[in-house]
*Asks:* 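Let me begin by handing over the structure; questions about it come next.
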Amino acid sequence: MDYKFLFLIGSALKHFQQEKFSAYDEDQRFNQTLETIQSVRNKVSNSYIVLFECSAYSIDEKYKEVLRDRCDLFLEFYEEPVLKQLYENISTRPELITYGKSLLETRGLLNTLYEIKKHNLFSDSQRVFKLTGRYLLNDDFNIKDYESRFLENRYVIKKYDYLTQDELLENVYAYLYGAKGMMVTGLWSFDRILFNEAVEALEKSFFYMEKMIQFTAGTDIEHSLYRFIDDKKIIDVSNLGLTLVKGMKGKNGGTYNT
């Protein structure tokens with residue numbers, strides 16, 4: 001079987017309040033995103049790449065031209081009503097930025113999936129990957145691991161289950177929101193058969209996060225999506241092969257050792 005894979009890469013090159021919240025300017029974020037794209041091209045030659053741009057404003061045309069050339073599809077959502085409203089809310093309440101980012105990226109991903117479904121794009125792809133921009137597929141990632149019929153009707157995810165009472169009490173998400181675990185959303189994937197089901201889980205996650213940010217300090221997509229994805233269809237992988245772009249700082253040294 002000749003496998004084809006679809007990678008959906010999230011991006012926000014033009015930070016809406018860069019001076020307050022970002023250590024990188026638009027040009028740096030652009031170059032980091034190009035590294036993400038190139039890592040997919042290097043590791044997965046049989047792939048389609050869709051980049052969805054979720055900045056509050058339109059990015060510079062010079063960046064768009066390059067991204068259109070490097071990707072199979074470039075989408076920009078700064079005029080999408082829900083995304084615009086989210087940015088307006090965050091602008092007036094900057095304390096929402098931490099969990100607001102989860103809402104923004106989830107909305108951008110949903111908009112992308114809606115567009116793919118509406119126009120029946122990349123219909124020959126067997127598996128869909130969501131990859132966060134400015135991350136890289138590293139040497140531990142091997143696409144051959146995904147060329148298997150055993151993955152049909154399955155999600156491939158790194159997840160953490162809070163199993164003991166102590167874990168539930170010590171974890172703020174478990175204690176306040178009843179979360180029983182979380183998943184890594186920097187890189188996860190689903191079989192194309194699960195397209196509609198994955199969209200439904202993301203929609204439920206978005207509405208749940210939206211409700212939580214109205215009445216609490218908010219929660220993130222990592223805990224929300226864990227709540228709504230069918231656990232019986234998850235293959236929990238110990239090493240996804242994902243690393244932050246060199247020079248960027250993140251949790252666990254910037255690498256998901258999963």
*Asks:* If the condition is salt bridge (charged side-chain N to carboxylate O under 4.0 Å, His left out), which residues does Asp27 pass it with, not counting sequence neighbours?
*Replies:* none
*Asks:* Please, which pairs that meet salt bridge (Lys or Arg N to Asp or Glu O under 4.0 Å) have at least one residue in residues 71-83, sequence neighbours excluded?
*Replies:* Arg41-Asp72, Lys64-Glu76, Glu80-Arg107
*Asks:* What pairs with Asp60 under salt bridge (charged side-chain N to carboxylate O under 4.0 Å, His left out), at least two apart in sequence or on another chain?
*Replies:* none
*Asks:* Is the centre of the Phe7 ring less than 6.0 Å from the centre of the Phe122 ring?
*Replies:* no
*Asks:* Distance only, no hydrogens: is a donor on one side chain within 3.5 Å (strictly under) of an acceptor on the other, for Tyr226 and Asp161?
*Replies:* yes
*Asks:* Determine whether Val128 and Ile116 satisfy the following criterion, side chain to side chain contact (heavy atoms under 4.5 Å, CB included), listing intermediate values before the conclusion.
*Replies:* CA-CA 11 Å; Val128 182; Ile116 289 169; over 6 Å; no
*Asks:* What distance do Leu6 atom CG and Arg192 atom CZ have between them, rounded to the nearest 0.5 Å?
*Replies:* 6.5 Å
*Asks:* Any ion pair linking Lys84 and Glu88 (charged N to carboxylate O, less than 4.0 Å)?
*Replies:* no
*Asks:* Restricting to salt bridge (charged side-chain N to carboxylate O under 4.0 Å, His left out), what partner residues turn up for Lys62, sequence neighbours left out?
*Replies:* none
*Asks:* Do Tyr160 and Glu222 get their side chains close enough for a donor-acceptor pair, meaning under 3.5 Å?
*Replies:* no
*Asks:* Checking Met182 against Tyr162 for the side chain to side chain contact (heavy atoms under 4.5 Å, CB included) test, could you report, in this order, the C-alpha distance in whole Å, the side-chain angles of both residues, the deciding distance, and whether it holds?
*Replies:* CA-CA 8 Å; Met182 64 165 289; Tyr162 306 144; 3.7 Å; yes
*Asks:* When you check the side-chain N and O atoms of Ser205 and Arg227, is any donor under 3.5 Å from an acceptor?
*Replies:* no
*Asks:* Say whether Ser45 and Lys43, considering side chains only, have a donor N or O and an acceptor N or O under 3.5 Å apart.
*Replies:* no
*Asks:* Can you name the residues that form a salt bridge (charged side-chain N to carboxylate O under 4.0 Å, His left out) with Glu115, not counting sequence neighbours?
*Replies:* none
*Asks:* Please name the residue in the list Tyr135, Tyr146, Phe5 that meets the ring-ring contact (aromatic ring centres under 6.0 Å, His included) test with Phe141.
*Replies:* Tyr146
*Asks:* Taking only residues two or more places apart in sequence or in another chain, which ones pass ring-ring contact (aromatic ring centres under 6.0 Å, His included) with Phe74?
*Replies:* none
